[in-house]
Amino acid sequence: MNKLKTVSRYADLREVSCGDDVLVVGGGGREHAIVKKLRESGAVGNVYGAPGNAGMNIIPTGLSATDVDGITEYVAAHENIALVVVAPDDPLAMGLVDKLTALGRRAFGPTRAAAKLEWSKAYAKQFMQKYGIPTAKYRAFTGADEAKEYIRGEQMPIVIKADGLALGKGVYICADACEAEKAIDEIMGGKFGSAGNEIIVEQFLVGYEVSLLAFVDGEHYSLMPTSCDHKRAFDGDKGPNTGGMGAYSPCPVFGTALLEKAARTIVEPTVAGMIKEGAPFKGVLYFGLMVSDDTPLVLEYNARFGDPETQSVLPLLESDLYEIMNATIDGTLDGMNIEWSDKKSVNVVLASGGYPGSYKKGCPISGLDEVDGGAQVFFAGVGAGEDGLVTSGGRVLCVQALADDFASALDTVYKNIAKIKFEDCYYRKDIGSKL
Ligand code: AMP
Ligand code: GLY
């Protein structure tokens with residue numbers, strides 16, 4: 001028996017001999033939540049991660065999520081893999097779905113052309129302007145001098161963004177022209193490589209943020225419950241931006257009227273617009289919204305599930321994720337009745353001290369098997385050490401719970417977090433505190 005099976009029951013390492021095998025590309029908490037939900041499907045056999053983490057079965061070749069040629073070759077040689085789920089932004093932008101589809105294999109996620117909504121902010125802004133989708137006023141620049149000249153006439157604060165993928169670090173909120181000039185120099189000076197060859201200068205919007213995710217099959221869409229991420233490292237929304245320190249779902253402030261408005265003014269024109277662009281979107285489309293004066297505006301598109309939103313949203317899914325993913329690929333979402341629990345879901349991320357900067361790795365993790373009371377644990381930066389589980393990343397674990405109300409869900413999460421130990425562990429104590 002694999003030693004880790006005795007270390008944590010939260011590791012999904014069961015191997016079965018019937019059902020369709022699935023490969024999930026990625027290795028974070030989001031991917032573990034996808035793996036767990038897929039394993040609830042009666043039609044699914046083994047689910048593997050590439051590169052995965054200690055919570056999942058991993059393919060033996062140790063391929064990274066961005067090794068698109070290696071993954072394509074692996075899938076070509078393994079006919080048992082019935083579906084590849086491409087979860088992170090980079091392999092989508094590198095065309096992994098296109099490569100697998102060209103091989104005649106089933107892949108969940110948008111093509112490189114459709115994922116451009118995420119990998120080029122200049123393209124996304126132009127697209128929104130063309131199809132009348134509400135977003136902040138902006139200008140795009142390829143020259144630093146022109147950009148600096150433009151901001152002199154603009155209101156402060158102002159937002160400067162790198163065009164391309166920048167690990168969530170390419171957005172600068174600038175209080176004055178001096179900060180904005182510094183941001184322009186940093187981005188265009190090569191901090192993010194070619195992702196900073198073009199920049200967006202954008203009006204600063206005031207309001208509250210909501211993540212709205214939808215399954216989109218090219219032509220039809222099905223909305224998931226809304227969610228809310230906590231991007232800053234420390235309590236009170238202080239400290240540097242991270243990949244996300246916790247999330248809850250649904251967002252009580254974003255009621256039915258706003259949801260209908262967002263569907264009509266944002267989701268529908270986006271799906272229809274991508275068809276007109278000749279790049280129909282298939283996969284999960286994530287709308288990062290700012291609600292300003294009761295109007296939802298698009299801050300950003302992501303062409304994938306969010307992390308850590310997914311760790312709160314997917315536990316609410318009562319329908320079969322494997323069936324939904326297949327219907328998304330086949331363009332048959334329209335006929336599906338996708339059911340969601342009306343419970344409240346919360347997750348809190350346990351991170352390594354120092355994250356999002358540098359941090360220690362290889363610290364033993366204890367207490368996982370004391371977790372109870374309806375909490376789930378999703379693994380992220382967790383590796384297999386000589387004697388058990390050890391930390392291997394900045395965001396290490398994510399503890400999630402469902403309840404009839406947010407207060408009970410939060411209580412379950414925080415009581416269980418207190419049982420988990422690793423050196424320099426830190427987490428936010430105020431996730432959902434405004435609910
Ligand atoms: P993005 O990657 O474009 O979603 O930006 C990251 C974060 O920066 C967002 O979640 C917001 O908190 C903030 N942000 C981005 N654009 C704006 C804007 N135009 N006005 C205010 N805040 C923004
Ligand atoms: N939680 C934000 C993201 O996944 O991009």
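We use all heavy atoms of the structure for the numbers below, so side chains are in, but hydrogens, waters and symmetry mates are not. Start at 1 and go down the list; that is how both ligands and their atoms are numbered.
- Within the cation-pi definition used here (under 6.0 Å to the ring centroid, within 45° of the axis), Lys148 does not qualify as a partner of Tyr150.
- Of the protein's heavy atoms, Glu300 OE1, 3.2 Å lies nearest to atom 2 (O) of ligand 1.
- Protein heavy atom at the shortest distance from atom 17 (C) of ligand 1 is Leu299 CD2, 3.4 Å.
- Ranking the protein heavy atoms by distance from atom 5 (O) of ligand 2 puts Arg304 NH2, 2.9 Å first.
- In this model, a donor atom of one side chain and an acceptor atom of the other lie less than 3.5 Å apart for Tyr286 and Ser211.
- The closest protein non-hydrogen atom to atom 12 (O) of ligand 1 is Glu209 OE2, 2.4 Å.
- A cation-pi contact, defined as under 6.0 Å to the ring centre and within 45° of the axis, is absent between Arg30 and Phe305.
- In the vicinity of Gly306, heavy-atom distances shorter than 4.0 Å reach the ligand 2 atoms 4 (O).
- A heavy-atom distance below 4.5 Å is found between the side chains of Tyr172 and Ile187.
- For atom 3 (O) of ligand 1, the nearest protein heavy atom (residue, atom name, distance) is Lys161 NZ, 3.0 Å.
- With a 4.0 Å heavy-atom cut-off, ligand 1 is reached by no atom of Asn241.
- Between Glu179 and Lys182 no salt bridge is recorded (no basic side-chain N to carboxylate O distance below 4.0 Å).
- Residue contact check: Lys231 has heavy atoms under 4.0 Å from atoms 10 (O) of ligand 1.
- Within the listing of ligand 1, atoms 21 (C), 22 (N) sit less than 4.0 angstrom from a heavy atom of Met290.
- Near Glu309, the atoms of ligand 2 lying under 4.0 angstrom from a non-hydrogen atom of the residue are 1 (N), 2 (C).
- Close approach of ligand 2 to Asp229 (heavy-atom distance below 4.0 Å) involves ligand atoms 1 (N), 2 (C).
- Side-chain N/O atoms of Glu277 and Tyr131 include a donor and acceptor closer than 3.5 Å.
- Among the atoms of Asp307, some N or O lies under 3.5 angstrom from an N or O of ligand 2.
- Of all protein heavy atoms, the one closest to atom 19 (N) of ligand 1 is Glu202 OE2, 2.7 Å.
- For the residue pair Asp20 / Tyr322, a side-chain donor-acceptor distance below 3.5 Å is found, with atom types taken as modelled.
- Using a 3.5 Å distance cut-off with no hydrogens or angles, the side chains of Thr111 and Asp98 do not pair a donor with an acceptor.
- Contacts between Gln203 and ligand 1 below 4.0 angstrom, taking non-hydrogen atoms only, involve the backbone exclusively.
- Taking the side chain as every heavy atom from C-beta outward, Met56 and Val24 never approach each other to under 4.5 Å.
- Residue Val159 touches ligand 1 through its side chain alone, judged by heavy-atom distances below 4.0 Å.
- Val271 places none of its side-chain heavy atoms less than 4.5 Å from the side chain of Phe281.
- When each atom of ligand 1 is checked for a heavy atom of Lys121 under 4.0 Å away, the hits are 1 (P), 2 (O), 3 (O).
- Shortest contact from atom 21 (C) of ligand 1 to any protein heavy atom: Leu205 O, 3.3 Å.
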What's the verdict on side chain to side chain contact (heavy atoms under 4.5 Å, CB included) for Ile199 and Lys161, showing C-alpha distance, side-chain angles and the deciding distance? CA-CA 6 Å; Ile199 56 162; Lys161 301 182 175 183; over 6 Å; no
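- With Asp237 as reference, Lys434 is the one residue of Lys231, Lys434, Arg232 to meet the salt bridge (Lys or Arg N to Asp or Glu O under 4.0 Å) rule.
- Residue contact annotation: Phe305 has no non-hydrogen atom under 4.0 Å from ligand 2.
- Here Val171 has side-chain heavy atoms under 4.0 Å from ligand 1, and that is the only part of it that gets that close.
- Using a cutoff of 4.0 Å between basic side-chain nitrogens and carboxylate oxygens, Arg395 and Asp307 are scored as salt-bridged.
- Ligand 1 places these atoms under 4.0 Å from at least one heavy atom of Phe204: 20 (N), 21 (C).
- Counting only heavy atoms of the protein, atom 14 (N) of ligand 1 lies nearest to Ile173 CD1, 3.8 Å.
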